[in-house]
Amino acid sequence: MSSSDTSAVPSRILVTSALPYANNNIHLGHLFEAVQTDVFVRYHRLRGRTVRYVCADDTHGTPIELAALRQKISPEQLVEQTQKEHMRDYAGFNISFDIFYTTNSEENRKYAELIYQKLKENDLIIEKEISQYYCEHDKRFLPDRFIIGKCPRCKAEKQYGDVCESCGATYDPTEMGEPKCIICNNAPVLKQSRHLYVQLKKCESFLREYINGTDALQEDIRNFVTSWIDDGLREWCISRDGPYFGFRIPGTENKFFYVWLDAPIGYISSTDRYCKDHGERVEDYWGSGSDTQIVHFIGKDIVYFHALFWPVMLKNANFNLPSKIFVHGFLNIEGEKMSKSRGTFILAKDYLEKVNHPQAPEFLRFYFASKQMPNTGDADLNKSELLTKTATTLANNIGNLHHRTFVFCDRYFEKKIPDAYWDESVATIVEEAGREIASYYEKCELKSVVEKIHALGSLGNKYYQDSAPWEQMKTDPQKAAVVMVTCVNLIKALAVFLKPITPEITGSIERQLGLILKWEDHTFSLKNKPLGVTDKIVKPFEEADLDQVFAAASQSKNQQENSGTSGLIDINHFKTVDLKIAVVKSAEKVEKSSKLLKLQVELGKETRQIIAGIAAHYKPEDIIGKQVVVVANLKPATLFGLTSEGMLLAAQNSGGELVLLHPAKPVTSGVKVG
RNA sequence: GGCAGCGUAGCUCAGUCGGUUAGAGCAGUGGAAUCAUAAUCCACGUGUCGGGGGUUCGAUUCCCUCCGCUGCUACCA
């Protein structure tokens, strides 16, 4: 009893996936989103609705510039080449974009300028002066990624100006030690620069109304975004100093739009390009008065841009607002975050090349769909589950139902769907299921779609089994004919329901039935019709097919499991912790801190500074001269601007008092403990 | 430490805006059948819905607290 099926259908639907950055290859995380989007789009197409699927490469910004520099080609060449690769990778998984464009286009420049102009007219842009590193040699301001230096926290060398890859600290480039320009290796100087900011605060009431007054966002995301607004909307810097790969801001000498300004605008400019190529009008999609539904699919990492900045941009430029933003979580591999170093980073092209099975892309689509609900939890891609899920549902359940039915018709009914009337009770169940599945598709509850399809397949197998047509053939062939007609029609319905998810499997059934299926074809209609050549629609994976792509991931998992059993570690594990005896040479309170003492300790010949959180329990004079146990190889940390190069061992007694560990008899300082 | 989220069968997850015996798929055990892709069908689950407390006629669902995990963050044990 679903109502969605009859609810008002918009005249047009515009659907987008997040624009992949032109610096990276497409990986399975991208595909996780693309499959979800593509299934949604194909469902609406199947229903005969006007739906356009728009995507593009996000091409601007510093990382692109750097990558091009490294490869000794121009940024334009780089993004052009990447776009081809991206299109090829998506095509390998049947992602059916109506257009896959680029943000480095004249259309995008036009809309970026237009939106900026409107923000300005609405008095939302202000200028502020900040100081930034400037390279006198290269005559340019240096963005974060153009500066390398010492991490202010852990002192690691050769870190970028925004984040330390060694200790994970984030900071401003002006905090770094020994900053160098990445191009010429000279030291930059600080220089004043004016920048443009959007005053989001002025749009607070609009944003609150948009976020809480519509159902554009899932509930948890809505709460999340609301709390950001409650915390106070900060000004958003939208300019970067040139040279910068992007669009120059009109009316400025050498300022460019920050990549995150023009990236989402790519949704509009790609639509524009599509419309020009197909004789349509972009206003019909993006005009504020149009009844087109705009649906974005994005990951939870970019909610900030899509739920705050983007609506503000659209609203002020008088464009249509998104009616739905589906936010999904991340894709893990074998329970682990995708990570290049751990080998759990699977590229789309690797999956295509290394999985030795012609239906591999379809199976992945199916597997993804079987896990997708409109929630923001992370999903896990898991080899054994991929194997069993596709084998049981697609091969054993649906594939086998198809095969046992079609082969039976071939053998006993002269390769025809027999001339008999189907079982009406089954037809009714399928029709009801059709309404239910439609409502799941509308809500993007693909997991439920798959479950329902699976249940119908089971129903078919049970019906077949209970009817036992092989027995009926001996006594009353007409009864067997009814069973066959019923099962063929059920299989046709399953093919319809699966079409958005596994178009090729459906295509195979369509060929054998001699039909192209639309949504309406899920109702029973076939009898007394010749069948094409029977062909198995699914050949399941064999485990070896997947070994290569998952090799690295499985290995990393095994290592973890071996080390993690029952919380015990082996001796080598323990040896990674470097414990040493040290003598406290000096101690003083850290200003403005209630818990911290600044200590100088002697570790053999070395002296180190350690910031210890023991001020509540030890006075400086209590511990000077004492011997303590120190973790000597702990990653340095910065507390109150002071570097801490180790940690003291202490235990808390029942009164909550912190007690330092001392050797029972004096030992030489710097001696290893263990 | 703070903020947020999560914790439901061996595994992957649904669900519950308080109310009959809490569900699905997979895995497991036993059986049937042989049209079929060693596929199918049938039967089998006393899960303290993380622990404890509270509100209520009634809580897995609401509130508090504790434990555990994840993310962000922090005055680092």
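Residue numbering restarts at 1 for every chain, and letters A, B, ... go by the order of the sequence lines.
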Taking a pair as Watson-Crick (N1 to N3 plus N6-O4 or O6-N4) or G-U wobble (N1-O2 and O6-N3), both under 3.5 Å, which stems of 3 or more consecutive pairs involve RNA chain B?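 Listed by first number, the stems are B:1-7 with B:67-73, B:10-13 with B:23-26, B:28-32 with B:40-44, B:50-54 with B:62-66.
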For [X], salt bridge (Lys or Arg N to Asp or Glu O under 4.0 Å) partners two or more places apart:
{"X": "A:Asp215", "value": "none"}
{"X": "A:Glu510", "value": "A:Lys499"}
{"X": "A:Lys324", "value": "none"}
{"X": "A:Lys300", "value": "A:Asp378"}

Whole-Å gap separating [atom2] ([N]) and [atom1] ([X]):
{"X": "A:Asp378", "N": "B:rA4", "atom1": "CG", "atom2": "C1'", "value": "14 Å"}
{"X": "A:Leu490", "N": "B:rU40", "atom1": "CG", "atom2": "P", "value": "15 Å"}
{"X": "A:Leu387", "N": "B:rA27", "atom1": "CG", "atom2": "P", "value": "11 Å"}
{"X": "A:Glu436", "N": "B:rG15", "atom1": "CD", "atom2": "P", "value": "14 Å"}
{"X": "A:Ile453", "N": "B:rA24", "atom1": "CD1", "atom2": "P", "value": "19 Å"}
{"X": "A:Tyr367", "N": "B:rG25", "atom1": "OH", "atom2": "P", "value": "18 Å"}
{"X": "A:Met373", "N": "B:rA24", "atom1": "CE", "atom2": "P", "value": "16 Å"}
{"X": "A:Phe368", "N": "B:rC13", "atom1": "CZ", "atom2": "C1'", "value": "17 Å"}

A:Phe32 and A:His328 aromatic ring geometry - parallel, tilted or perpendicular at 30°/60° bounds: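 Perpendicular, since the angle between the ring planes exceeds 60°.
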Just say parallel, tilted or perpendicular for the rings of A:His306 and A:Trp260, cut-offs at 30° and 60°.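 Perpendicular.
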Closest approach of A:Glu362 to A:Ile505 (non-hydrogen atoms, all atoms of both residues):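 What the structure gives for the nearest pair is OE1-N, 3.0 Å.
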Heavy-atom closest contact (A:Pro477 atom, A:Phe413 atom, distance):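 Minimum heavy-atom contact is O-CZ, 3.9 Å.
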[N] to [M] separation - [atom1] atoms, rounded to the nearest Å:
{"N": "B:rG7", "M": "B:rU16", "atom1": "C1'", "result": "16 Å"}
{"N": "B:rC11", "M": "B:rC64", "atom1": "P", "result": "29 Å"}
{"N": "B:rC49", "M": "B:rC42", "atom1": "C1'", "result": "29 Å"}
{"N": "B:rC57", "M": "B:rG18", "atom1": "C1'", "result": "12 Å"}
{"N": "B:rU56", "M": "B:rC62", "atom1": "C1'", "result": "10 Å"}
{"N": "B:rG28", "M": "B:rG68", "atom1": "C1'", "result": "28 Å"}
{"N": "B:rU12", "M": "B:rA22", "atom1": "P", "result": "23 Å"}
{"N": "B:rG47", "M": "B:rA38", "atom1": "C1'", "result": "32 Å"}

Could you work out, with side chain to side chain contact (heavy atoms under 4.5 Å, CB included) as the rule, every residue matching [X], not counting sequence neighbours?
{"X": "A:Pro361", "value": "A:Phe93, A:Leu352"}
{"X": "A:Leu308", "value": "A:Leu207, A:Ile211, A:Val225, A:Trp228, A:Ile229, A:Leu233, A:Tyr304"}
{"X": "A:Glu235", "value": "A:Ile126, A:Lys128, A:Tyr197, A:Gln199"}
{"X": "A:His454", "value": "A:Thr393, A:Asn397, A:Ser458"}

Applying side-chain contact (heavy atoms from CB on, under 4.5 Å) between A:Pro418 and each of A:Gln478, A:Met484, A:Lys527, report the one that passes.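 Going through A:Gln478, A:Met484, A:Lys527 one by one, the side-chain contact (heavy atoms from CB on, under 4.5 Å) with A:Pro418 is satisfied by A:Met484 alone.
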List in numerical order all residues of residues 500-509 of chain A for which some heavy atom is under 4.0 Å away from an atom belonging to RNA chain B.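 None, since no heavy atom is under 4.0 Å.
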Expected output: side-chain A:Ser370 to main-chain A:Tyr367 donor-acceptor under 3.5 Å: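 Judged by distance alone, yes, a pair lies under 3.5 Å.
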With RNA chain B as reference, determine whether A:Gly457 or A:Ser448 sits nearer its 5' end, using the nearest nucleotide of each.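 Of the two residues, A:Ser448 wins.
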Shorter than 3.5 Å, N or O on both sides, protein versus nucleotides 32-39 of chain B: list them out with atom names.
| from | atom 1 | to | atom 2 | distance (Å) |
| --- | --- | --- | --- | --- |
| B:rC35 | O3' | A:Arg411 | NH2 | 3.3 |
| B:rC35 | O2 | A:Arg404 | NE | 3.2 |
| B:rC35 | O2 | A:Tyr464 | OH | 2.9 |
| B:rC35 | N3 | A:Arg404 | NE | 3.4 |
| B:rC35 | N3 | A:Arg404 | NH2 | 2.6 |
| B:rC35 | N4 | A:Arg404 | NH2 | 3.0 |
| B:rC35 | N4 | A:Gln465 | OE1 | 3.4 |
| B:rA36 | OP1 | A:Arg411 | NH2 | 2.6 |
| B:rA36 | O3' | A:His403 | ND1 | 2.9 |
| B:rA36 | O2' | A:Asn400 | OD1 | 2.8 |
| B:rA36 | O2' | A:His403 | ND1 | 3.1 |
| B:rA36 | N1 | A:Arg404 | NH2 | 3.4 |
| B:rA36 | N3 | A:Asn400 | ND2 | 3.2 |
| B:rA36 | N3 | A:Arg404 | NE | 3.4 |
| B:rU37 | O4' | A:Lys536 | NZ | 3.1 |
| B:rU37 | N3 | A:Val538 | O | 2.8 |
| B:rU37 | O4 | A:Gly399 | O | 3.3 |
| B:rU37 | O4 | A:Val538 | O | 3.3 |
| B:rA39 | O2' | A:Asn396 | O | 3.0 |
| B:rA39 | O2' | A:Asn400 | ND2 | 3.0 |

Going by an N to O cut-off under 4.0 Å, is there a salt bridge joining A:Lys452 and A:Glu436?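 Salt bridge present between A:Lys452 and A:Glu436.
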Extract from the structure each pairing of a protein N or O with an N or O of nucleotides 7-12 of chain B at less than 3.5 Å, listing the distance.
| from | atom 1 | to | atom 2 | distance (Å) |
| --- | --- | --- | --- | --- |
| B:rU12 | O2' | A:Glu385 | OE2 | 3.1 |

Remember a base hit wins even if backbone is also touched, and classify A:Ser458 as base, sugar-phosphate or nothing at under 4.0 Å, heavy atoms.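 Since only primed, P, OP1 and OP2 atoms lie under 4.0 Å of A:Ser458, the category is sugar-phosphate.
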Name the nucleic acid region contacted by A:Asn375, choosing base, sugar-phosphate or nothing; use a 4.0 angstrom heavy-atom cut-off, strictly under.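 Since only primed, P, OP1 and OP2 atoms lie under 4.0 Å of A:Asn375, the category is sugar-phosphate.
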